[in-house]
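Just the heavy atoms: all of them, side chains too, but no hydrogens, waters or symmetry mates, feed the values below. For this chain, numbers begin at 1 and follow the sequence in order.
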Amino acid sequence: DMLNGLEHPVQRNMLVGNISTLDEFVLDFEVKFTGTMHKWSSLVHFTPEEAFQEHYPAIAVFPNSRKLHVRMATTLDLNEGCDPFTELPNGNWTSVQILVIGKGTIMEVFFDGKSVCRKSMRGDVVPGIPNVKVFISDPWQPAASAIVRRMSYQAYNPTPEPTGFPTISPSTSGPIVIPHNETRRPTNSPITLGPQPRDTLSPTSASPGTHSPLYRLLTDAPTFMPTNAPLTSMPSTAPVTMAPSSAAPTLGPSTAAEEDKRT
């Protein structure tokens, strides 16, 4: 802050500091008007010599108004710039920002963060001019009826533009890293089951012998299971239910007739 955190009533021939000029810069300050002047009045003036015509930049106020007249000296004209149409309020603080970019070829003015004036200048701003005096206000015009605070003059540093490539969180949609010794099946693929291991029936257990028809039926038959069903193995010790060996077979009608003929 060039004003050391103080509020400065604008006074004629009030020198507050010195700078070296930049071809791209931002001048920031806050101003509160307390009235108007019937003549042109000076608010802020940066000049390398005690010369009314050189503005690096200069801000004057229109007569009987609170409209700003923003001027900048270039290699082709000592009085280029733009004049915002918006009139500043009386009795309230307004943030004023003067932006010079494009290697000193474009000026833009903002009030409270809103652009109110933009102008392409014909000449270039000359950088590196040393010992430029900063007045609030200058010695050649009446002082504006206003108070100024929080003034700074610094190099313009543009904000980097977005690259257009959003950052992807690895935990959501980024690539999945699978260890070299692990194979991972996609979650939406069907489960394909090949031949499944059969349960082993021990000849010494309570299960039927290895030569019984039921044993061969259990061990030789293929295992069928729906592809989307969970894989469930039958415990190896599960008992096998068998019909009693002495049970009489059930005869169909044709077999019963033949038996009657024999009796």
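Sequence neighbours left out, the pairs with a member in residues 16-26 that pass side-chain hydrogen bond (donor to acceptor under 3.5 Å, both in side chains) are Asn18-Asn131. Counting only residues at least two apart or on different chains, the salt bridge (Lys or Arg N to Asp or Glu O under 4.0 Å) pairs with a member in residues 143-153 are Glu7-Arg149, Glu30-Arg149, Glu30-Arg150. For residues 81-141, the set of pairs meeting the disulfide bond (SG atoms under 2.5 Å apart) definition, not counting sequence neighbours, comprises Cys82-Cys117. For residues 59-108, the pairs satisfying ring-ring contact (aromatic ring centres under 6.0 Å, His included) are Trp40-Phe62, Trp40-His69, Phe62-His69, with sequence neighbours left out. Legend: ring-ring contact (aromatic ring centres under 6.0 Å, His included) pairs involving residues 5-37, not counting sequence neighbours, sorted by first then second residue: Phe25-Tyr153. Sorted by first then second residue, the salt bridge (Lys or Arg N to Asp or Glu O under 4.0 Å) pairs that include residues 61-70, not counting sequence neighbours, number zero. Annotation: salt bridge (Lys or Arg N to Asp or Glu O under 4.0 Å) contacts involving residues 72-81, sequence neighbours excluded, comprise Asp77-Arg122.
From Leu3, atom CG reaches atom OG of Ser152 across 9.5 Å, with rounding to the nearest 0.5 Å. Between the CE atom in Met14 and the CD1 atom in Ile136 there is a gap of 6.5 Å [rounded to 0.5 Å]. From Leu78, atom CG reaches atom OG1 of Thr75 across 10.0 Å, with rounding to the nearest 0.5 Å.
Residues that satisfy the side-chain hydrogen bond (donor to acceptor under 3.5 Å, both in side chains) test with Ser42, not counting sequence neighbours, are Asp138. With sequence neighbours excluded, the residues satisfying side-chain hydrogen bond (donor to acceptor under 3.5 Å, both in side chains) with Thr34 are Ser145. Partners of Asp83 under the salt bridge (Lys or Arg N to Asp or Glu O under 4.0 Å) rule, at least two apart in sequence or in another chain, are Arg71. Remark: Glu87 pairs with no residue by the salt bridge (Lys or Arg N to Asp or Glu O under 4.0 Å) rule, at least two apart or across chains.
Asp112 places a side-chain N or O within donor-acceptor distance of the main-chain N or O of Ser95, the cut-off being under 3.5 Å. For Asp28 (side chain) and Met151 (main-chain N/O), no donor-acceptor pair under 3.5 Å exists by modelled atom type. Within the 3.5 Å criterion, the main-chain N or O of Gly35 finds a donor-acceptor partner in the side chain of Asn90.
Pro48 and Glu54 make their closest contact through CG-OE1, 3.1 Å (heavy atoms, listed as atom of the first residue, atom of the second, distance). Contact between Val10 and Ala144 at its shortest, heavy atoms only, is CB-O, 3.5 Å. The shortest heavy-atom contact between Pro57 and Leu27 is CG-CD2, 3.9 Å. Between Pro142 and Met37, the shortest heavy-atom contact is CB-CE, 4.2 Å.
Using a 4.5 Å heavy-atom threshold, the side chains of Tyr56 and Met72 count as touching. Taking the side chain as every heavy atom from C-beta outward, Pro127 and Leu22 never approach each other to under 4.5 Å. Counting only heavy atoms from C-beta outward, the side chains of Phe135 and Val44 never approach each other to under 4.5 Å. Contact check for Val31 versus Ile59: no side-chain heavy atoms found under the 4.5 Å cut-off. Looking only at side-chain heavy atoms (C-beta outward), Ile98 and Val26 stay at 4.5 Å or farther from each other. Between Val148 and Val16, every side-chain heavy-atom pair lies at or beyond the 4.5 Å cut-off.
Phe46 and Leu15 fall into different hydrophobic clusters, where Ile, Leu, Val, Met, Phe, Trp and Tyr are joined by side-chain heavy atoms under 4.5 Å apart, directly or via other members.
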**OP:** Determine, step by step, whether Met2 and Ile19 satisfy the side chain to side chain contact (heavy atoms under 4.5 Å, CB included) criterion, reporting the C-alpha distance in whole Å, the side-chain angles of both residues, the deciding distance to 0.1 Å, and the verdict.
**Re:** CA-CA 10 Å; Met2 300 176 66; Ile19 60 135; 4.1 Å; yes
**OP:** Apply side chain to side chain contact (heavy atoms under 4.5 Å, CB included) to Phe111 and Val96, showing your working.
**Re:** CA-CA 5 Å; Phe111 291 165; Val96 178; 4.1 Å; yes
Subject >> Trace of the side chain to side chain contact (heavy atoms under 4.5 Å, CB included) decision for Leu68 with Val61 >> reply: CA-CA 5 Å; Leu68 301 187; Val61 184; 4.1 Å; yes
For residues 101-109, please give each side-chain donor-acceptor pair under 3.5 Å, one per line with the distance, not counting sequence neighbours.
from, atom 1, to, atom 2, distance (Å)
Thr105, OG1, Gly102, O, 2.7
Glu108, OE1, Arg118, NH1, 2.7
Glu108, OE2, Ser115, OG, 2.7

